[in-house]
Amino acid sequence: MALGRDGKVISLLVCGVQIGKSNVMLRAFSLLFMLACLCHRGALADITDGNSEHLKREHSLIKPYQGVGTSSTPLWDFSGNTLLTSQYVRLTPDERSKQGSIWNRVPCFLKDWELHVQFKVHGSGKKNLHGDGIGIWYTKERLHHGPVFGSKDNFHGLAIFIDTYPNDEATDRSFPYISTMVNNGSLTYDHGKDGRLSELGGCSAEIRNRDHDTYLAIRYSKGRLTVMVDVEDRNEWKECIDVSGVRLPTGYFFGASAATGDLSDNHDIISMKLYQLMVEHTPEEENVDWTKIEPSVSLLKSPKDNIDDPTGNFRSAPLTGWKVFLLLLCALLGIVVCAVVGAVVFQKRQERNKRFY
């Protein structure tokens, strides 16, 4: 199944086959196969359709930008080396030791939302001779310069990092690398380890020096954080991060920042569009003061206890629809193999017994 950036299903593989009533085992297998496919469909089909009725313009940065050539717009503040043009917001030029950021002036009080970021990272540097990357933020603090992709460390809230340079020489990851972090102010981002100690999940994505713009979707709904990417400009989202048990308060600010060091790149934001998700909450959830919630994540292990695998994903990451499907498929194949072997053994014993009569 493929899912476009507008959230509409482009194609769907029809799961299930017509089988004879006599073959009960295959019927059961087909039923479980269809259920697994539906589970996977549900995991992806909840990306918003980009309906303009749900677009929150007070939290969105869309062309044509207002106040071109000035240091701010009615809804957004710009700082550092940020340059506002008619076509893009350049957070940093392709020059060394630059920082820049944009921050929404209006705090967001939505419980469920989805942010679509259209961006472009490009420069003259060759492989591993460019840096450092972009941070997409939903935080309590705003307009604070710092060492974490141009913004402050020990922040309160959510950050998505688009890291283009591997600082850890022993890393087995492929860069650029997208990762996520939730912080209550107590965690420090470790640049030397590329944020591994505090990372909740991530994926590699070839976003640099593309001939087209690249896209990132960040969805937060009912404690589930999902990050999707479209780096091929095929109008299809691909899952990058899926974490459950995330608690984020309302009243924080959206923003984006970038930084360069000894190496550099152009870091451009073309648009940031925030959509309200229409989600029902229980009476107990509605009675909670969401502005007082502390940013946190309910994990079986602390992020510091997680062990990376070669793909950069944590082994304690939640099961996705495909992982559930593969587990069911392996279990069913095991049952089928055991049943076939048992039937063959039973038949041979019957034939052997017949020869004695």
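From a predicted model like this one, the values you see are computed outputs, not experimental measurements.
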Checking side chain to side chain contact (heavy atoms under 4.5 Å, CB included) for the pair Lys63/Gln87: CA distance, chi angles, key distance, verdict?
CA-CA 7 Å; Lys63 293 188 294 187; Gln87 298 300 315; 3.3 Å; yes
Donor-acceptor pair between [X] and [Y] side chains, under 3.5 angstrom:
X: Asn154; Y: Thr188; value: yes
X: His116; Y: Glu114; value: yes
X: Ser124; Y: Asp94; value: yes

For the ring pair [X] and [Y], is the centre-to-centre distance below 6.0 Å?
X: Trp76; Y: Tyr65; result: no
X: Phe253; Y: His59; result: no
X: Tyr189; Y: Phe161; result: yes

Verdict with supporting geometry, Tyr88 and His267, side chain to side chain contact (heavy atoms under 4.5 Å, CB included)
CA-CA 10 Å; Tyr88 54 80; His267 297 101; over 6 Å; no
About how many Å separate [atom2] of [Y] and [atom1] of [X], when rounded to the nearest 0.5 Å?
X: Tyr215; Y: Asn235; atom1: OH; atom2: CG; result: 8.5 Å
X: Asp132; Y: Asn167; atom1: CG; atom2: CG; result: 6.5 Å
X: Ser101; Y: Arg142; atom1: OG; atom2: CZ; result: 9.0 Å
X: His212; Y: Arg234; atom1: NE2; atom2: CZ; result: 9.0 Å
X: Cys203; Y: Ile178; atom1: SG; atom2: CD1; result: 5.0 Å
X: Leu200; Y: Ser179; atom1: CG; atom2: OG; result: 9.0 Å

Sidechain N-carboxylate O distance under 4.0 Å for [X], [Y]:
X: Asp190; Y: Lys193; result: no
X: Arg210; Y: Asp233; result: no
X: Glu58; Y: Arg105; result: no
X: Asp112; Y: Lys222; result: no
X: Asp163; Y: Arg196; result: no
X: Arg173; Y: Asp194; result: no

In the structure I gave you, are the side-chain heavy atoms of [X] and [Y] within less than 4.5 Å of one another anywhere?
X: Thr260; Y: Glu95; result: no
X: Tyr252; Y: His156; result: yes
X: Val229; Y: Thr214; result: no
X: Ser264; Y: Lys98; result: no
X: Asp268; Y: Arg90; result: yes
X: His54; Y: Met278; result: yes
X: Asn104; Y: Leu75; result: yes
X: Leu110; Y: Leu274; result: yes

Answer yes or no: are there more than 12 heavy-atom neighbours, outside [X] itself, under 6.0 Å from its atom [atom1]?
X: Glu280; atom1: CD; answer: no
X: Asp262; atom1: CG; answer: no
X: Lys140; atom1: NZ; answer: no

For the residue pair [X] and [Y], what are the closest heavy atoms and their distance?
X: Asp242; Y: Thr226; value: OD1-OG1, 3.6 Å
X: Val148; Y: Ser257; value: O-OG, 4.3 Å
X: Pro295; Y: Asn184; value: O-CB, 3.5 Å
X: Ser60; Y: Leu55; value: OG-CD1, 3.4 Å
X: Phe119; Y: Val121; value: CD1-CG2, 4.1 Å
X: Asp213; Y: Lys120; value: OD1-CD, 3.7 Å

Go through the steps for Leu216 and Ile207 under the test side chain to side chain contact (heavy atoms under 4.5 Å, CB included), then give the verdict.
CA-CA 10 Å; Leu216 187 73; Ile207 51 89; over 6 Å; no
For [Y], does its backbone N or O pair with a side-chain atom of [X] as donor and acceptor, under 3.5 Å?
X: Glu206; Y: Val231; result: no
X: Asp265; Y: Gly123; result: yes
X: Asn81; Y: Gln99; result: yes
X: Asp153; Y: Pro147; result: no

Taking [Y] as the starting point, is it possible to reach [X] by hopping between hydrophobic residues whose side chains are less than 4.5 Å apart?
X: Ile270; Y: Met272; answer: yes
X: Leu225; Y: Ile293; answer: no
X: Ile136; Y: Tyr165; answer: no

Among Phe155, Trp103, Tyr220, Phe254, which one satisfies ring pair (Phe, Tyr, Trp, His ring centres under 6.0 Å) with Tyr138?
Phe254
On the ring face of Trp290, is Lys111 found with NZ or CZ under 6.0 Å from the centre and within 45° of the axis?
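Output yes; distance and angle both within limits.
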Using side chain to side chain contact (heavy atoms under 4.5 Å, CB included), reason through Lys56 and Val106 one step at a time and then give a plain yes or no.
CA-CA 11 Å; Lys56 309 305 290 183; Val106 184; over 6 Å; no
